[in-house]
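Note sheet for the following structure.
The model shown is predicted, which means the values in this text are computed figures rather than measured ones. The figures that follow rest on heavy atoms only: side chains count, while hydrogens, waters and symmetry mates do not. Numbers here are sequence positions counted from 1.
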Amino acid sequence: MKAIVLHAAGEPDTLRLEEVPDPVPSAGQVVVRLHAAALNHRDLFICRGQYAGLRFPVVLGSDGAGEVAAVGPGVAGVRRGDAVVINPSLDWGDDPRTEGSGFRILGLPDNGTFAEMVAVPAANVAPCPSGLSADEAAALPLAGMTAYRAVVTRGGVRPGETVLVTGIGGGVATFALLIARQAGARVLVTSGSDAKLERARTLGADQGFNYRTQDWVKAVKAATGGAGADLVIDGTGGKPFDQTLDAVRPAGRVVTYGATLGPAPELAVRRVFWKQLDVLGTKMGSPDDFRNMLALFGPGCLRPVIDQTFPLAEAGRALLHMAGAAQFGKITLRVA
Ligand SMILES: NC(=O)c1ccc[n+]([C@@H]2O[C@H](COP(=O)([O-])OP(=O)(O)OC[C@H]3O[C@@H](n4cnc5c(N)ncnc54)[C@H](OP(=O)(O)O)[C@@H]3O)[C@@H](O)[C@H]2O)c1
């Protein structure tokens, strides 16, 4: 089969499609013939050597959708030809609150989805939500599940609350907007692009603020009668994470799922205790998070936001598009 194989850390434009052996399903596994895959910021971090536990060579990619091509020994309930979407949380374990010691994310260390085929545990495939294209289905798993856990499981969003989502152009962020709206929340967003703020409004964001040209903390306060948001969903890290502690109301919740900009330089502990904040970390998702997220998507329900689709062979160009924060929503790869 053909796959995008990372042999050493470097810039994405060095990535090429190459011939590798077809995966063979071990006991309990299935092989999925991929129709589409999707990018996550993790793939960019791995490509550039900025991720823990690197190993080479590795096939990149956590997200994919396609059909079951082969079934390993001992697999029940999944058949050749089934249309499936892959849950990239491998071996989460039994505790819905946190992952077990065997937990891995598909696409490092296990070979991932930027390929014509991938082997995954049979427990990690689910029927594709009907009515979605292969690209839409492939866009769902990692970012949709992360957003679901951030907004619902960890964030505990309630109808009528005001939720602030930072960096709305991001893959996880667009899902957080959709899921918070679906839960009956009012959603405020930030972005470095006015065009992305406009797109977010068409998806139901109530107001948006440009972090390059506006004092967005002041704007969030003004939009909430001086109080601040009830719940903040942040994957930016860096200074914007510090600022979320000002943008949230007293006794509010801040959920952090990422640090695209690196560590928060002056995490103000005083604001956490003085405002009696709940600061909540979240990672990927449990099997329940995945199932509950999938149930929100399909005909008459939510649809993921696709920014652009590239051919599999152009995965490097797709990653550079992400590196420039040019996207609004998910970037997908057409495999077949
Ligand atoms: N905890 C987990 O399990 C988990 C799961 C998924 C992702 N993550 C992490 O979450 C982060 C986002 O992942 P992703 O795949 O959604 O990435 P992505 O699609 O590349 O989105 C990144 C977004 O960050 C925003 N951004 C950049 N500079 C910013 C700033 N100064 N202030 C506010 N926003 C800024 C941009 O939004 P605008 O263009 O709108 O400005 C950009 O689109 C990554 O760090 C990733 O590793 C963690």
Side-chain angles (χ1 to χ4, degrees), residues 36-44 62-65 85-89 105-106 113 126 128-129 131-133 135-157 161 163-191 196-197 199-206 208 229 231-236 254-258 260 280-298 301-309 322 325 327-332:
L39 271 60
N40 291 285
H41 213 92
R42 177 179 197 266
D43 305 309
L44 186 61
S62 302
D63 282 337
V85 59
I86 298 170
N87 175 358
S89 266
I105 302 173
L106 183 62
T113 56
C128 260
L132 295 189
S133 69
D135 293 321
E136 287 176 318
L140 290 175
L142 193 150
M145 173 168 54
T146 302
Y148 181 88
R149 189 170 172 88
V151 173
V152 178
T153 312
R154 301 287 284 147
V157 67
E161 284 193 318
V163 178
L164 169 67
V165 183
T166 57
I168 195 59
V172 178
T174 51
F175 278 113
L177 163 59
L178 296 176
I179 292 168
R181 285 285 302 160
Q182 174 86 0
R186 169 186 180 225
V187 182
L188 310 178
V189 300
T190 71
S191 177
K196 292 186 189 182
L197 293 175
R199 287 279 313 270
R201 279 192 203 98
T202 67
L203 290 173
D206 290 84
L231 170 62
V232 180
I233 307 294
D234 180 71
T236 314
V254 177
V255 178
T256 164
Y257 66 86
T260 305
L280 302 151
T282 194
K283 180 160 41 160
M284 297 289 285
S286 68
D288 280 349
D289 290 323
F290 187 70
R291 238 185 324 273
N292 293 336
M293 177 278 292
L294 279 188
L296 296 178
F297 290 86
C301 311
L302 299 178
R303 296 192 95 93
V305 180
I306 309 277
D307 169 73
Q308 209 173 316
T309 300
M322 170 177 272
Q327 80 279 21
F328 183 87
K330 295 296 291 181
I331 302 165
T332 62

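Interatomic distance, Leu178 CG to Leu296 CG, rounded to the nearest 0.5 Å: 9.5 Å. To the nearest 0.5 angstrom, Glu161 atom CD is 6.5 Å from Leu231 atom CG. Taking CG of Leu302 as the start and CG of Leu177 as the end, the distance is 10.0 Å to the nearest 0.5 Å. We find the OG1-CZ distance between Thr202 and Phe328 to be 6.5 Å, quoted to the nearest 0.5 Å. With rounding to the nearest 0.5 Å, the separation of OG in Ser133 from CZ in Arg303 is 7.0 Å. Atom CE in Met145 sits 12.0 Å away from atom NZ in Lys283 (nearest 0.5 Å).
Minimum interatomic distance between Lys196 and Ser191 (heavy atoms only, all atoms of both residues): CB-OG, 3.5 Å. Residues Gly167 and Ala173 share a closest heavy-atom pair of O-CB, 3.3 Å. Between Pro141 and Ala137, the shortest heavy-atom distance links the atoms CD-O, 3.4 Å. The shortest non-hydrogen separation linking Ala200 to Val189 is CB-CG2, 4.0 Å. Nearest heavy-atom pair, Ala65 versus Ala138, reported as atom, atom and distance to 0.1 Å: CB-N, 3.8 Å. Of all non-hydrogen atoms in Gly144 and Ile179, the two that sit nearest each other are O-CD1, 3.9 Å.
Checked against side chain to side chain donor-acceptor pair (under 3.5 Å), Asn87 has no partners two or more places apart in sequence or in another chain. Here Ala183 pairs with Val157 under the side chain to side chain contact (heavy atoms under 4.5 Å, CB included) rule; sequence neighbours left out. Partners of Gln327 by side chain to side chain donor-acceptor pair (under 3.5 Å), not counting sequence neighbours: none found. Residues satisfying the side chain to side chain contact (heavy atoms under 4.5 Å, CB included) test with Pro129, not counting sequence neighbours, are Val85, Leu132, Leu140, Leu294. Applying the salt bridge (Lys or Arg N to Asp or Glu O under 4.0 Å) criterion to Asp43, with sequence neighbours excluded, gives no partner residue. Residues that satisfy the side chain to side chain contact (heavy atoms under 4.5 Å, CB included) test with Ala176, not counting sequence neighbours, are Ala147, Val151, Val165, Ile233. For the side chain to side chain donor-acceptor pair (under 3.5 Å) test, residues two or more places apart in sequence or in another chain that qualify with Thr309 are Thr332. Residues forming a salt bridge (Lys or Arg N to Asp or Glu O under 4.0 Å) with Asp307 (at least two apart in sequence, or on another chain): none. Residues that satisfy the ring-ring contact (aromatic ring centres under 6.0 Å, His included) test with Phe290, not counting sequence neighbours, are absent from this structure. Arg186 meets the side chain to side chain contact (heavy atoms under 4.5 Å, CB included) test with Thr162, Leu188, Asp206, Gln207, Ala223, Thr224; sequence neighbours excluded. With sequence neighbours excluded, no residue forms a side chain to side chain donor-acceptor pair (under 3.5 Å) with Arg199.
In this structure a side-chain-to-backbone donor-acceptor pair under 3.5 Å is missing from Thr113 to Ala37. A donor-acceptor pair is defined here as one N or O able to donate and one able to accept, closer than 3.5 Å; no such pair exists between the side chain of Thr256 and the backbone of Gly281. Proximity of a side-chain donor or acceptor of Arg181 to a complementary backbone N or O of Gly204 within less than 3.5 Å is detected. Put simply, the side chain of Thr282 never gets that close to the backbone of Tyr257: no donor and acceptor are under 3.5 Å apart. Thr260 contributes a side-chain N or O that, together with a main-chain N or O of Gly235, makes up a donor-acceptor pair within less than 3.5 Å.
With hydrogens and angles left out, the side-chain atoms of Ser286 and Asp288 include no donor and acceptor closer than 3.5 Å.
Residue Val232 is tested with Val163, Val254, Val255 for a side chain to side chain contact (heavy atoms under 4.5 Å, CB included); the sole match is Val254. Checked against Thr190 for a side chain to side chain contact (heavy atoms under 4.5 Å, CB included), the options Leu164, Ile168, Thr236 give a single hit: Leu164.
Identified under the side-chain hydrogen bond (donor to acceptor under 3.5 Å, both in side chains) test for residues 139-149, with sequence neighbours left out: Arg149-Asp289.
Within the 4.5 Å cutoff, side-chain heavy atoms of Leu142 are placed close to those of Met284.
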